Amino acid sequence: MNFFRYLGQWSIARVTTLGRAALFLYELLFASWRRPARLGPAVAKAFRLVVQQLYSVGVLTLLIILVSSLFVGMVLALQGYNTLVDFGAESSLGLLVALSLARELGPVVTALLFAGRAGSALTAEIGLMKATEQLAGMEMMAVNPMTRVIAPRFVAGLISLPLLAAMFTAVGILGGHFVGVVQLGVDEGVFWSQMQGGVDIYDDIGSGLLKGVVFGFVVSWIAVFEGYDSVPTSEGVAAATTRTVVLSSLAVLGLDFILTALTLGEI
Amino acid sequence: MTRPSSTNLAPASGAGATEPLVSLEDVVFSRNGRPILKGLTLTVPRGRVVAILGGSGTGKTTILNLIGGRLKPDSGRVLVDGVSVPDLRTRELYELRKRMALLFQSGALFTDLNVFENVAFPIREHTRLPEELLRTVVLMKLEAVGLRGARHLMPAELSGGMARRVALARAIALDPMMVMYDEPFTGLDPISMGVIVKLIRELNDALRITSIVVTHDVAEACEIADLIYLVAGGRIAASGTPEEIRASTSEEVRQFMAGLPDGPVSFHYPGGDYLEDLMRSGGA
């Protein structure tokens, strides 16, 4: 009996949190925006805030993304070559590397790394601002933390992730080229021409970009919500940071399956 | 910067003649089913320093949050400058908040901005002052709290007392009609405490603002307040000038003012029979 009671409590708590997250998103996207008295300065300020966040959310994540993508591309080429060479199909290595990266690994691995590097930082920052009453102080100064703190971070995450994913794919292909062409001796012309012929701008690049945008939306949403919703204690912020990484990773992998199924249209 | 409210300029000496700046009428508030305020009524006259005294957890900070519109009462009225705070729409509430300031216990300074930028923050957000003028205003505010020389420091480099003074400079940046202080004396050394006590009184008189000080420091409250409210059990247990409160014969007031460990406020948290509790086996 206790088990069912526990299960019920757990479910109600999860659904309640989900409801809070949805209301939070509604407020973030619609409710907290009011028409400013002067549009020009308001837009300039919003732009400045977003650019600041683009630096800490996007630019500072760049290094880990570029290094990881180089290795992922190299491993992909190595593994791919070893399998393809048995069938004498090593000429398709370029295509294999490019498709795997553009469709799947680029957006997914970027989103996972992004959740760990930038998402956790966003949650911790917002959570600590809440714990030290900075958000409450802002509210009492008649400044809406939703538009001043949360929205710029959310927008920066939304913009950064697809761009980072694109860079991941590009550098990964260079890594694959290094191992495949330079080290293992696949013909350079074949490597690139196979890729050029086989990669479709809409089906492959487009679906990868779509995934990047969706993951950017979801990971940023989870990160800012967990920070804003955190219990304002050291324990609470630590738990929220962990939840951001865990939930973001699960959401990314789950959504990846759904998006793949939808874009391929096979299921 | 902010438009001067005509009522703001009412002489402090004639405050009794004008309507109070803040009034709470029969306010009931509970959190998670636990009653915190049970029909609390108090008024804050314009231009005065009013101290709200009470033990920890008696709902003093809740009163400030109700006045600032961060919480809504279950029932009763909360009026600030003639408007009912719980009935305000968000935009109206934000307009009202531009004219009131709340000084948090922690200071709540923005840790990523230096002292100057912290004080400049509300001015940058709400006005379009040219940079030259903004610099002058910020330096004037910092001079008022004696920290003009510390303007390049980051919040992490400030002592507790200095952080609170910076927060005070930020609170008066938009020339509010009222400043609320949440436990301003807690955790300060005697010198810093003396500075804050002096600042609250001087700023109140020089800027012709109204001050509400929530505290449990009896001596400091008596030193600066024109009017004291003692909160106990979710109601006002006593009110009056510091002299009247000191002269009170009420047991509740005397326990608090003299800091007696036992009295109407029991030393023991309610917890059943002691002997029975000791004899019972099992965990906590």
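Labels below follow one simple rule: chain letters A, B, ... track the order of the sequence lines, proteins then strands, and each chain is numbered from 1. A quick note: this is a predicted structure, and the numbers were derived from the prediction, not measured.
Only the backbone of L109(B) comes within contact range of chain A, with heavy atoms under 4.5 Å apart.
The number of heavy atoms from other shown groups lying within 6.0 Å of CZ (R5(A)) does not exceed 12. The 12-atom threshold is not exceeded at CE of M140(B), counting heavy atoms of other residues, nucleotides or ligands nearer than 6.0 Å. Surrounding CZ of R77(B) are at most 12 heavy atoms belonging to other residues, nucleotides or ligands under 6.0 Å away. Within 6.0 Å of atom CZ in R20(A), more than 12 heavy atoms from other residues, nucleotides or ligands are found, so the atom counts as buried in its surroundings.
Counting heavy atoms from C-beta outward, E139(A) and R97(B) have side chains that approach closer than 4.5 Å. A 4.5 Å side-chain heavy-atom check between E125(B) and M141(A) finds every atom pair outside the cut-off.
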Would M180(B) and M140(A) count as a side chain to side chain contact (heavy atoms under 4.5 Å, CB included) if you check the C-alpha gap in whole Å, the side-chain angles of each, and the deciding distance to 0.1 Å? CA-CA 11 Å; M180(B) 298 183 276; M140(A) 282 309 296; 4.2 Å; yes
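Shortest non-hydrogen contact noted between F121(B) and V143(A) is CE2-CG2, 3.9 Å. Annotation for A142(A) and K98(B): closest pair CB-CG, 3.7 Å, computed over non-hydrogen atoms.
Heavy-atom neighbours of chain B within the stretch residues 127-136 of chain A, taken at a separation under 4.5 angstrom, comprise T132(A), E133(A), Q134(A), A136(A).
Evaluation of the salt bridge (Lys or Arg N to Asp or Glu O under 4.0 Å) test over residues 108-125 of chain A, restricted to residues two or more places apart or in two chains, returns E125(A)-R153(A).
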